[in-house]
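First the structure, in the form of structure tokens, and then the observations on it.
Throughout, numbering of the chain's residues begins at 1 and tracks the sequence. Being a predicted model, the structure only gives us computed values, none of them experimental.
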Amino acid sequence: MKREGLILILSAPSGAGKTSLCRELFKTFPDMKESVSYTTRTPRTGEVEGEAYHFVSHAEFERMIEEDAFAEWALVHGNMYGTALHTLEEARKNGIDLVLDIDCQGALRLKEQLDGGVYVFIMPPSMDELRRRLEHRSTDVQEVIERRIVRAAEEIRESRWYDYIIINDDFDVACRELAAIVIAHRRKTFRMMEKVGKLFDI
Ligand code: 5GP
């Protein structure tokens, strides 16, 4: 019996610290893989095709929608983003634990279709702290920051249907909490039976 790969779906408003938490997660669990989405957004400086994203044209993205190539897709900040079905299928089949960093719309679409995904919402400790982080970290103009804050409030309302919520107040605590979720799901009986079978010949 082949172990079924874990599909971990992470969503967060921008400024909640998801990128840093993900980086720590991959340090803790180097065998986890990041799902590489397709997007119509133009690459930022230093972004390489096939690493963070597959960068495709609008026409190519539309063609993939028509061919039902996506498990989910969404329009985020004016660009299209999507997770290809084959990415999920390959990971599952090969017993690979996959991390999807996707927005709430895409996560909800996935939840309606996919069995067994684990949905984690990461939130800032307060709106004041979110504003402080966005103002501190970015070169964004005030108008963009205001837009991000309005969107964050909308996304936080979506958190109710996620399986887990992590409040990223203390970064180390948040890392431990995310790791605990991964460990718990890795220790589910159905994921352990392949190993138990090999160890004990049952
Ligand atoms: P960025 O362009 O800054 O890398 O990502 C912008 C937003 O798009 C983030 O909130 C990220 O979670 C979301 N995103 C990235 N890939 C996907 C995807 O495949 N599907 C969906 N629905 N959202 C995605």
Side-chain angles (χ1 to χ4, degrees), residues 4-26 29 32-44 47-56 58 60-62 64-65 67-93 96-124 130 134 147-148 150-168 174-175 177-179 181-182 185:
E4 184 184 296
L6 168 66
I7 296 181
L8 182 71
I9 295 102
L10 301 180
S11 303
S14 81
K18 183 176 55 175
T19 310
S20 310
L21 275 169
C22 270
R23 207 176 300 131
E24 280 304 307
L25 186 69
F26 290 118
F29 304 105
M32 290 190 91
K33 292 266 176 313
E34 195 174 358
S35 164
V36 180
S37 298
Y38 288 76
T39 183
T40 60
R41 145 163 109 56
T42 40
R44 297 184 185 124
E47 280 185 330
V48 175
E49 160 58 32
E51 279 184 10
Y53 290 106
H54 296 293
F55 297 98
V56 294
H58 260 276
E60 174 72 0
F61 201 97
E62 294 286 349
M64 289 181 73
I65 294 174
E67 288 176 356
D68 284 330
F70 290 119
E72 64 77 29
W73 63 270
L75 185 66
V76 187
H77 307 307
N79 294 303
M80 318 270 256
Y81 294 84
T83 309
L85 265 174
H86 73 81
T87 307
L88 302 186
E89 281 163 3
E90 270 163 39
R92 270 225 164 137
K93 194 176 70 201
I96 290 166
D97 293 345
L98 198 64
V99 181
L100 273 63
D101 164 353
I102 64 176
D103 86 315
C104 298
Q105 313 164 68
L108 187 56
R109 283 187 197 168
L110 212 54
K111 194 161 199 194
E112 287 161 356
Q113 294 174 41
L114 181 83
D115 290 332
V118 177
Y119 295 78
V120 181
F121 192 93
I122 296 157
M123 54 171 93
L130 182 73
L134 288 174
R147 236 187 295 136
R148 287 189 195 277
V150 169
R151 189 170 157 85
E154 289 165 9
E155 287 172 330
I156 286 168
R157 272 192 284 279
E158 290 291 310
S159 64
R160 61 172 59 102
W161 55 260
Y162 280 73
D163 298 318
Y164 299 96
I165 292 177
I166 291 176
I167 298 176
N168 185 12
C175 287
E177 290 179 353
L178 187 55
I181 292 167
V182 171
H185 283 274

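Contact between Val48 and Phe55 at its shortest, heavy atoms only, is O-CE1, 4.1 Å. Closest approach of Tyr38 and Phe61 over heavy atoms only: O-CE1, 3.6 Å. Residue Leu134 comes nearest to Ser14 through the heavy atom pair CD2-O, 3.7 Å, listed as atom of the first residue, atom of the second, then distance. Nearest approach of Ile9 to Gly117, heavy atoms of both residues: CD1-CA, 4.0 Å. The nearest pair of heavy atoms linking Trp161 to Lys111 is O-NZ, 2.8 Å. Shortest non-hydrogen contact noted between Pro13 and Phe121 is CD-CZ, 3.7 Å.
Under a 4.0 Å N-O distance rule, the pair Glu155/Arg151 qualifies as a salt bridge. Electrostatic pairing of Arg41 and Glu47 counts as a salt bridge here, judged by a charged N lying under 4.0 Å from a carboxylate O.
Taken to the nearest 0.5 Å, the CG atom of Leu110 stands 13.0 Å off from the CD atom of Gln105. Distance check: Ile122 CD1 to Ile166 CD1 gives 5.5 Å after rounding to the nearest 0.5 Å. The structure places OG1 of Thr39 at 9.5 Å from CE of Met80, a figure rounded to the nearest 0.5 Å. Separation of atoms CD (Glu62) and CD (Glu60) is listed at 11.0 Å; rounding is to 0.5 Å.
Side-chain contact between Leu114 and Ile7: present, with at least one pair of heavy atoms (C-beta onward) separated by less than 4.5 Å. Residues Trp73 and Arg109 are in side-chain contact: their nearest non-hydrogen atoms beyond the backbone lie under 4.5 Å apart. Contact annotation: the side chain of Tyr164 approaches that of Val118 to within less than 4.5 Å [non-hydrogen atoms, C-beta and beyond]. With a 4.5 Å cut-off on side-chain heavy atoms, Ser11 and Tyr119 do not count as touching. Leu21 has its side chain within reach of Cys175: a pair of non-hydrogen atoms, C-beta onward, lies under 4.5 Å apart. Here the side chains of Phe29 and Val182 are in contact, with some heavy-atom distance below 4.5 Å. For the pair Leu178/Glu24, no side-chain contact is recorded, criterion being any heavy-atom separation below 4.5 Å from C-beta on. Residues Glu34 and Cys22 are not in side-chain contact: their nearest non-hydrogen atoms beyond the backbone lie 4.5 Å or more apart.
A donor-acceptor pair is defined here as one N or O able to donate and one able to accept, closer than 3.5 Å; such a pair exists between the side chain of Asn168 and the backbone of Ala16.
Considering Leu6, Leu88, Leu8 as possible partners of Leu98, the one that fulfils the side chain to side chain contact (heavy atoms under 4.5 Å, CB included) test is Leu88.
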Before you tell me yes or no, could you show the steps for Leu100 and Glu72 under side chain to side chain contact (heavy atoms under 4.5 Å, CB included), namely the whole-Å CA-CA distance, both residues' side-chain angles and the distance that decides it to 0.1 Å? CA-CA 11 Å; Leu100 273 63; Glu72 64 77 29; 5.6 Å; no

Could you give me the CA-CA distance, side-chain angles and deciding distance for Val36 and Thr87, then say whether side chain to side chain contact (heavy atoms under 4.5 Å, CB included) is met? CA-CA 8 Å; Val36 180; Thr87 307; 6.0 Å; no

Side chain to side chain contact (heavy atoms under 4.5 Å, CB included) evaluation trace for Val99 with Leu10: CA-CA 7 Å; Val99 181; Leu10 301 180; 3.8 Å; yes

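Annotation for Ile96: atom CD1 counts as buried by contact number, over 12 foreign heavy atoms lying within 6.0 Å.
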